[in-house]
Amino acid sequence: MTLFRLGYVAMSVNLQNASPSQTMTYKTFKQIRDRDAAIRKLERIAQSNIHNCLRLLKHNKAHDMNFFRLSSRIVPLATHEELNGWDYLSGIKDDLKELGSYAESNNMRLDFHPDHFVVLNSPDEAIFKTSMKVLKYHYLLLHQMGIDPMHRCVFHLGGRYDDKEKSLERFIENWSLVPKGIQKLVMIENDDTSYTVENCLYICEKLNIPLVFDLHHHLANHDVGDWHVYWERIMNTWSHSPLPLKMHISSPKSREDFKSHADFVDAEMFLDFVKKVNGSIEQIDCMIEAKQKDDALFRLVEDLKEHPNIIMETESSITWKD
DNA sequence: GCCCGTCAAGGAGTA
DNA sequence: TACTCCTTGACGGGC
């Protein structure tokens, strides 16, 4: 029997004034004449974001949600080249420690999804270096939180550059330039335009990286439509991970706008997945990527409860009974 | 207080 | 080659 644990992304539609991603753009930063004052403002924003992350975790705990993606925008402008030399951690160490301790003591799984500007297979050295900087930022946040950085950042393989095969090989070449500590962070996800599950498996199996299977992306972009033919291989990419297999669940907004995320998740689609993989592995952590964030999770749970084969193990985890 | 343009990034897609 | 769009939540100017 497989335990399916549900989680959601970055922010809650239920908590008021709890944004974990307040920001200041570089344009605004530049307009503040006193640079020290501007940096102090950035630090106050970062502290507020971390404080709101903690509020979110407490909200999650109240609903048995132990799986959560943190916003990558906790510290605004942390990786901006004009702020090189700014020790952005110094003012937030205690806040990060408190956040990490809360997560650890409540046995919560936290991770990140840096945005699509992390491009490891870029032929442009400057873009590769910026990508490293962004990953290092995530590494340092986790380190300060006291969380083992192993398999905590998921992102895509990168650009196609008019030649997918060459670009896949360039990912492998560039991987050797990634510091070992940063390599440990990485999980790879199939995307909806360029790299399919098959492409990702090629890389993940070669470089020993866990594959985060995104069902919605697979439906939009695949080599073989039936994802189940890949399932054994997907599971195997997780065999050396200290964490349970993770995947992404979302539904298309509409037939016309297929790639966009809908407000909620189609329970039938999810149930079909559950039925197919049940028993294949001990636990699967399913990240709900829907516009209505935690409300989408709550609604999915309500829909699942109706099903005769579903057993609610907690308020946000289920098993399937034949 | 609401509306909507702007911000920030790299790549894909289109003309 | 040059442009728009994609994505995201928040900012901030205009009314």
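Residue numbering restarts at 1 for every chain, and letters A, B, ... go by the order of the sequence lines.
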State whether K293(A) places a side-chain N or O below 4.0 Å from either non-bridging phosphate oxygen (OP1 or OP2) of dG9(C). yes
For residues 30-44 of chain A, which residue pairs qualify under side-chain hydrogen bond (donor to acceptor under 3.5 Å, both in side chains), counting only residues two or more places apart or in two chains? E43(A)-W86(A)
Could you note down all residue pairs passing salt bridge (charged side-chain N to carboxylate O under 4.0 Å, His left out) where residues 123-139 of chain A supplies at least one of them, sequence neighbours left out? E125(A)-K129(A)
For P20(A), enumerate each residue passing the side-chain contact (heavy atoms from CB on, under 4.5 Å) test, keeping only those at least two apart in sequence or located in another chain. M11(A), C53(A), L56(A), S71(A)
Give a yes-or-no answer on whether the side chains of Y202(A) and E169(A) include a donor-acceptor pair shorter than 3.5 Å. yes
Nearest whole Å is fine: how far is dT7(C) P from F258(A) CZ? 14 Å
Selection from dA8(B), dT8(C), dA10(C) that lies nearest to any side-chain heavy atom of K27(A): dA8(B)
Whole angstrom is fine here: how far is it from CG in N52(A) over to C1' in dA10(C)? 13 Å
Contact list for DNA chain B against residues 73-91 of chain A - heavy-atom distance below 4.0 Å: none
Cluster overlap M150(A) with M145(A), hydrophobic side-chain contacts below 4.5 Å: no
Any luck finding a side-chain donor-acceptor pair between T196(A) and N199(A) under 3.5 Å? yes
Which pairs of donor and acceptor atoms, one on a side chain in residues 210-218 of chain A, lie under 3.5 Å apart (sequence neighbours left out)?
unit_1: D214(A); atom_1: OD1; unit_2: H216(A); atom_2: N; d: 3.1
unit_1: D214(A); atom_1: OD1; unit_2: H217(A); atom_2: N; d: 2.9
unit_1: D214(A); atom_1: OD2; unit_2: H217(A); atom_2: ND1; d: 3.4
unit_1: H216(A); atom_1: ND1; unit_2: S250(A); atom_2: OG; d: 2.9
unit_1: H216(A); atom_1: NE2; unit_2: F258(A); atom_2: O; d: 2.8
unit_1: H217(A); atom_1: ND1; unit_2: E189(A); atom_2: OE2; d: 3.2
unit_1: H217(A); atom_1: ND1; unit_2: N190(A); atom_2: O; d: 2.9
unit_1: H218(A); atom_1: NE2; unit_2: V224(A); atom_2: O; d: 3.4
unit_1: H218(A); atom_1: NE2; unit_2: G225(A); atom_2: O; d: 2.8

Rounded to whole Å, the NE2-P distance (H116(A) to dA8(B)) equals 15 Å
Taking only nitrogen or oxygen atoms into account, show me every contact under 3.5 Å that the protein makes with nucleotides 11-15 of chain C, one pair per line with its distance.
unit_1: dG12(C); atom_1: OP1; unit_2: T28(A); atom_2: OG1; d: 3.1

Check step by step if side-chain contact (heavy atoms from CB on, under 4.5 Å) holds for K305(A) and V301(A). CA-CA 6 Å; K305(A) 272 181 187 169; V301(A) 164; 4.0 Å; yes
Rounded to whole Å, how long is the line connecting atom OH of Y161(A) with atom C1' of dG11(B)? 7 Å
Does S260(A) have a side-chain nitrogen or oxygen under 4.0 Å from the phosphate oxygens OP1 or OP2 of dC6(C)? no
Establish whether I172(A) and I182(A) are linked, either directly or via other cluster members, by ILVMFWY side-chain heavy-atom contacts under 4.5 Å. yes
Within this structure, what is the NZ-to-C1' distance between K30(A) and dC7(B), rounded to whole angstrom? 11 Å
Whole angstrom value for the distance that separates C1' of dG11(B) from CZ of F171(A): 16 Å
Side-chain N or O of S19(A) versus OP1/OP2 of dA10(C): is the shortest distance under 4.0 Å? yes
Using the salt bridge (charged side-chain N to carboxylate O under 4.0 Å, His left out) rule, collect all pairs that involve residues 154-168 of chain A, keeping only residues at least two apart or in two chains. none
Taken to the nearest whole Å, CG/D115(A) to C1'/dA8(B) is 9 Å
May I have the distance from H248(A) (atom NE2) to dT7(C) (atom C1'), rounded to whole angstrom? 15 Å
Using the 3.5 Å cut-off, write out each protein N or O paired with an N or O of nucleotides 13-15 of chain B and the distance between them.
unit_1: dG13(B); atom_1: OP2; unit_2: R160(A); atom_2: NH2; d: 2.4

Charged N to carboxylate O below 4.0 Å: is that the case for D272(A) and K276(A)? yes
Cluster membership besides V119(A), Ile/Leu/Val/Met/Phe/Trp/Tyr side chains within less than 4.5 angstrom, sorted by chain and number, is I127(A), Y161(A)
Tell me, which of residues 117-133 of chain A have any heavy atom that sits under 4.0 Å from an atom in DNA chain B? F117(A), V119(A), S122(A), I127(A)
Of all residues at least two apart in sequence or in a different chain, which pass the side-chain contact (heavy atoms from CB on, under 4.5 Å) check with E315(A)? H63(A), D64(A)
Salt bridge (charged side-chain N to carboxylate O under 4.0 Å, His left out): which pairs involve residues 245-261 of chain A, sequence neighbours left out? D111(A)-K246(A)
